[in-house]
2 protein chains.
Amino acid sequence: MTTDAFLADCRARLAFDLLSHTWNAVVLWALRDGPRRPVELREQIGGISSKVLTETLRRLQFNGLVERQAHGGAPPRVEYGLTALGRTLLEPIGAFGAWAFAHGDEVMAAQEAGSG
Amino acid sequence: MTTDAFLADCRARLAFDLLSHTWNAVVLWALRDGPRRPVELREQIGGISSKVLTETLRRLQFNGLVERQAHGGAPPRVEYGLTALGRTLLEPIGAFGAWAFAHGDEVMAAQEAGSG
DNA sequence: CAGGATCCTATTAGATACTG
DNA sequence: CAGTATCTAATAGGATCCTG
């Protein structure tokens, strides 16, 4: 496939849109080991507010990547887990993680060189 | 590595930050076949303004992923190409592209099901 | 605990016009 | 053509309070 075709394809745009939301990939990755409750996700991820986490989960749910499971009662207990489709995204996300571990220091070095 | 460690690592955050800017991955991908001039990139990508393209290129340059080469004269001729570091990112980006081609239709189906 | 409703701020990108 | 300046609209995200 050509670069042009790739960029023009709406599915490719879709993939980029998924990535363009800061927390999408982070939350998906945090769910890799199985369903989690919101409070657990917040602890695990760190630095994400309740509101933003909820919005992110709704977005992922809307895109068919995450499913919500409510175990009724009080206090409420809700879990979010990856769908089959969501699990297929773990591999590409993992590829980025691997890249970050391999080359992250080079990026940081470039940043310091550029700003100093 | 554990999920916690992955998420806490600043290099991982870095990777996610790279992705969180809408056009970063698109522009990197558009440069995969070799250096391009800004006007060529705009045509190839489509839907990106001169200003946003310039900002994106500066950002990528700052992160050591892209390098600028000016061939002086009038009219000015400038080319942007991937650095060695930038080229290492093509593989993970390609993984996402492949995912989009394989599963993009499922995401779109989920969106329609959710909104309808 | 889950998560909705508000308010507020910083950032982004798009449009346009202009300079060298 | 390359790139900047300016203005504006949209949005993400943070903080906070409140409800079931």
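These numbers come from the heavy atoms of this one structure, side chains and all, not from hydrogens, waters or symmetry mates.
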Spacing between [X] atom [atom1] and [N] atom [atom2], to the nearest angstrom:
X	N	atom1	atom2	result
Glu79(B)	dC1(D)	CD	P	14 Å
His21(B)	dG13(D)	NE2	C1'	14 Å
His71(B)	dG3(D)	NE2	P	11 Å
Leu53(B)	dA15(C)	CG	C1'	16 Å
Gln61(B)	dA2(D)	CD	P	15 Å
Arg59(B)	dA13(C)	CZ	C1'	10 Å
Leu41(A)	dG3(C)	CG	C1'	14 Å
Arg42(B)	dA15(C)	CZ	P	13 Å

Salt bridge present between Arg42(B) and Glu40(B) (N-O < 4.0 angstrom): no
Helix axis bend for the helix from dC1(C)-dG20(D) to dG20(C)-dC1(D) - C1'-based end axes, five pairs, 10° rounding: 40°
Taking the side chain of [X] as its heavy atoms from C-beta onward, which of [options] lies nearest to it?
X	options	value
Pro75(B)	dG3(C), dC1(D), dG3(D)	dC1(D)
Val52(A)	dG14(D), dA2(C), dC7(D)	dG14(D)
Arg58(B)	dG14(D), dC1(C), dT4(D)	dT4(D)
Val39(B)	dC1(C), dC1(D), dG3(D)	dC1(D)
Trp23(B)	dG14(C), dC1(C), dG14(D)	dG14(C)
Lys51(B)	dC7(D), dG3(D), dC1(D)	dC7(D)
Thr54(A)	dG4(C), dA2(D), dC1(C)	dG4(C)

Touch class at under 4.0 angstrom, heavy-atom based, for Pro38(B) against every strand present: sugar-phosphate
Residue from Val27(A), Ile45(A), Leu28(A), Val66(A) passing side-chain contact (heavy atoms from CB on, under 4.5 Å) with Thr56(A): Val27(A)
Sole residue of Leu60(A), Ile48(A), Leu53(A) in side-chain contact (heavy atoms from CB on, under 4.5 Å) with Trp23(A): Ile48(A)
Minimum heavy-atom distance between Trp99(B) and Pro92(A), given as atom pair plus value: CB-CG, 3.9 Å
Heavy-atom pair of closest approach, residues Pro35(B) and Glu79(B): CB-OE1, 3.9 Å
Distance below 4.0 Å between Arg37(A) side-chain N/O and dC1(C) OP1 or OP2: no
Phosphate contact (dA2(C) OP1 or OP2) by Arg68(A) side-chain N/O below 4.0 Å: no
Check: [Y] main-chain N/O paired with [X] side-chain donor or acceptor under 3.5 Å:
X	Y	answer
Gln111(A)	Phe62(B)	no
Asn63(A)	Val107(B)	no
Thr83(A)	Glu67(A)	no

Residue whose nearest DNA chain C nucleotide is more 5′ - Pro76(B) or Arg77(A): Arg77(A)
